[in-house]
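Labels below follow one simple rule: chain letters A, B, ... track the order of the sequence lines, proteins then strands, and each chain is numbered from 1.
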Number of protein chains: 2
Amino acid sequence: MTVGPDGGYHLQEQIGFVLRKANQRHLAIFSARIGDLTPPQFAALAKLKEVGETSQNQLGSLIAMDAATVKGVIDRLKARGLVEIGKDGADKRRLLVSLTVEGRDLIERLVPLAAAITYETLAPLTQREASTLLRLLGRIA
Amino acid sequence: MTVGPDGGYHLQEQIGFVLRKANQRHLAIFSARIGDLTPPQFAALAKLKEVGETSQNQLGSLIAMDAATVKGVIDRLKARGLVEIGKDGADKRRLLVSLTVEGRDLIERLVPLAAAITYETLAPLTQREASTLLRLLGRIA
DNA sequence: GGCAATTCATTTGTATACGAATGATATCAA
DNA sequence: TTGATATCATTCGTATACAAATGAATTGCC
């Protein structure tokens, strides 16, 4: 399935290219509905709400971001007063990240929109197809 | 399918998150096999080989990159001597981008690897599943 | 012909991403 | 216990991405 009927090379049939385009469309839908936060920022807040206070690196691994990337995301959320940083008494290397009241309010207000974003992104598919796609995508992720 | 059995919110089931993770894995596979070029650079060269000389913006739209992004990609390829820039006599706004001999040699050598990359990325799936995934992904892209 | 709208490319600013190097701290094992 | 190893966070460098603003050139339309 990586080679077309003529045996030639077709960018459009490479998984990487299609993933990139699907991501682009999803991002457009996301920012139309949640202009205030980027998907990584949203993921960080949503995960913090789920697990409570954690170290920065731990949070990164929960949302699949390396240390350098998560730092930038947390820095920007901190600058907006949505998260706060504490020290870990037991391990002086660690930074404990937690939601502020504002952060909690915001993410609780936005979480319901996430379902709508996923719904709109998957709108070209039937429910059955959408669930197949999510399942298969999960297996290669 | 965006809500789990307990009715709660689960990041792992949001299409955006899964797309991002699938992309990460694909990128890792890509750079292990083609360390020399990024996927966008590869896409630009592959498309140039397919369509021949085109304007920068035209190339961008063929590979789904906006004008600002494509400029950076082309600049770096130009700096490495893989593409060259010419002027369009008929339209002085346009930059015509084309492969150099080195660029053509490189992309011809690398294109066969693309199939292997797609294959490895889709390895967790059966052939039938892989082709379903590509089809469905194409519909939401 | 001439002006409005459009297109092409560039620039600036912001936000992921990730590799690699570094310093501080913990842990583990001999 | 101490020395090697590992972990946590930071920093630097490079490479996408995209929005918005800009200037130059072209096109469309009356």
Side-chain angles (χ1 to χ4, degrees), chain A residues 16-17 19-32 34-45 54-80 82-83 85-97, chain B residues 16-17 19-32 34-45 54-80 82-83 85-97:
Chain A
F17 188 74
L19 280 173
R20 191 165 138 274
K21 284 201 63 177
N23 239 328
Q24 284 178 345
R25 178 162 162 275
H26 174 261
L27 177 63
I29 292 168
F30 188 101
S31 57
I34 302 183
D36 206 26
L37 239 40
T38 65
Q41 289 167 1
F42 181 91
L45 294 182
T54 18
S55 79
Q56 200 174 262
N57 272 13
Q58 173 68 16
L59 178 61
S61 82
L62 290 172
I63 55 180
M65 277 179 220
D66 71 12
T69 301
V70 83
K71 185 192 189 313
V73 173
I74 294 302
D75 277 356
R76 286 180 283 274
L77 291 175
K78 188 173 52 176
R80 289 178 56 182
L82 299 174
V83 302
I85 303 300
K87 288 183 180 174
D88 184 333
D91 186 338
K92 292 181 198 164
R93 294 168 307 177
R94 284 195 183 168
L95 292 188
L96 295 177
V97 186
Chain B
F17 189 73
L19 280 172
R20 192 165 137 272
K21 286 201 61 176
N23 239 330
Q24 283 177 346
R25 179 164 162 275
H26 174 261
L27 177 63
I29 292 169
F30 188 102
S31 56
I34 302 183
D36 205 28
L37 238 41
T38 64
Q41 289 166 1
F42 181 92
L45 294 182
T54 18
S55 78
Q56 200 173 261
N57 272 12
Q58 173 69 14
L59 177 62
S61 83
L62 290 172
I63 56 181
M65 276 178 221
D66 69 14
T69 301
V70 83
K71 182 189 192 314
V73 173
I74 293 303
D75 278 354
R76 287 180 283 275
L77 291 174
K78 187 173 52 177
R80 290 179 55 183
L82 299 173
V83 301
I85 303 299
K87 289 183 180 174
D88 184 333
D91 186 338
K92 292 181 198 164
R93 294 168 307 176
R94 285 196 182 169
L95 291 188
L96 295 177
V97 186

What is the nucleic acid contact for [X], judged by heavy atoms within less than 4.0 Å: base, sugar-phosphate only, or nothing?
X       : answer
A/Ala28 : nothing
A/Ala90 : sugar-phosphate
A/Thr69 : base
B/Asp66 : base
A/Ser31 : nothing

Review point. Within a strict 4.5 Å, meaning less than it, do heavy atoms of the A/Ile63 and A/Val73 side chains meet?
Key: no
Review point. Heavy atoms, side chains only, cut-off 4.5 Å: are A/Arg93 and A/Asn57 in contact?
Key: no
Whole angstrom is fine here: how far is it from [atom1] in [X] over to [atom2] in [N]?
X       : N      : atom1 : atom2 : result
A/Asn23 : D/dA17 : CG    : P     : 9 Å
B/Leu37 : D/dT16 : CG    : P     : 9 Å
B/Arg25 : C/dC18 : CZ    : P     : 14 Å
A/Ile74 : D/dT10 : CD1   : P     : 10 Å
A/Arg80 : C/dT14 : CZ    : C1'   : 13 Å
A/Lys21 : D/dA17 : NZ    : P     : 13 Å
A/Gln56 : D/dA9  : CD    : P     : 6 Å
B/Leu95 : C/dC8  : CG    : P     : 12 Å

Practice item. Using heavy atoms to find the nearest nucleotide of DNA chain D for A/Asn57 and B/Pro40 separately, return the residue whose nucleotide is more 5′. Key: A/Asn57
Check your understanding: Roughly how far apart are A/Leu19 CG and B/Arg25 CZ, rounded to 0.5 Å?
Key -> 10.5 Å
Revision key, fill the gap. NZ (A/Lys71) and CG (A/Asp66) are apart, to the nearest 0.5 Å, by 13.0 Å
Check your understanding: From D/dA9, D/dC18, D/dT16, pick the nucleotide closest to the side chain of A/Arg94?
Key -> D/dA9
Point to revise | Candidates C/dT12, C/dT25, C/dT16 - which lies nearest the side chain of A/Val73 | key: C/dT16
Between [X] and [N], is there a side-chain N or O to OP1/OP2 distance below 4.0 Å?
X       : N      : answer
A/Thr38 : C/dA15 : no
A/Gln24 : D/dA17 : no
A/Arg20 : D/dA17 : yes
A/Gln58 : D/dT7  : no

Check your understanding: Mapping A/Gln41 and A/Asp88 onto DNA chain C by nearest heavy atom, which one lands closer to the 5' end?
Key -> A/Gln41
Review point. Between B/Ala67 and A/Pro39, who's closer to the 5' end of DNA chain C by nearest nucleotide?
Key: B/Ala67
Check your understanding: Side chain of B/Arg93, base of D/dT26: donor and acceptor closer than 3.5 Å?
Key -> no
Review point. Among B/Leu95, B/Leu96, B/Asp75, whose side chain to side chain contact (heavy atoms under 4.5 Å, CB included) with B/Ile85 holds?
Key: B/Leu95
Review point. Taking all non-hydrogen atoms of both residues, which atom of A/Ala64 and which atom of B/Gln24 are closest, and how far apart?
Key: O-NE2, 2.8 Å
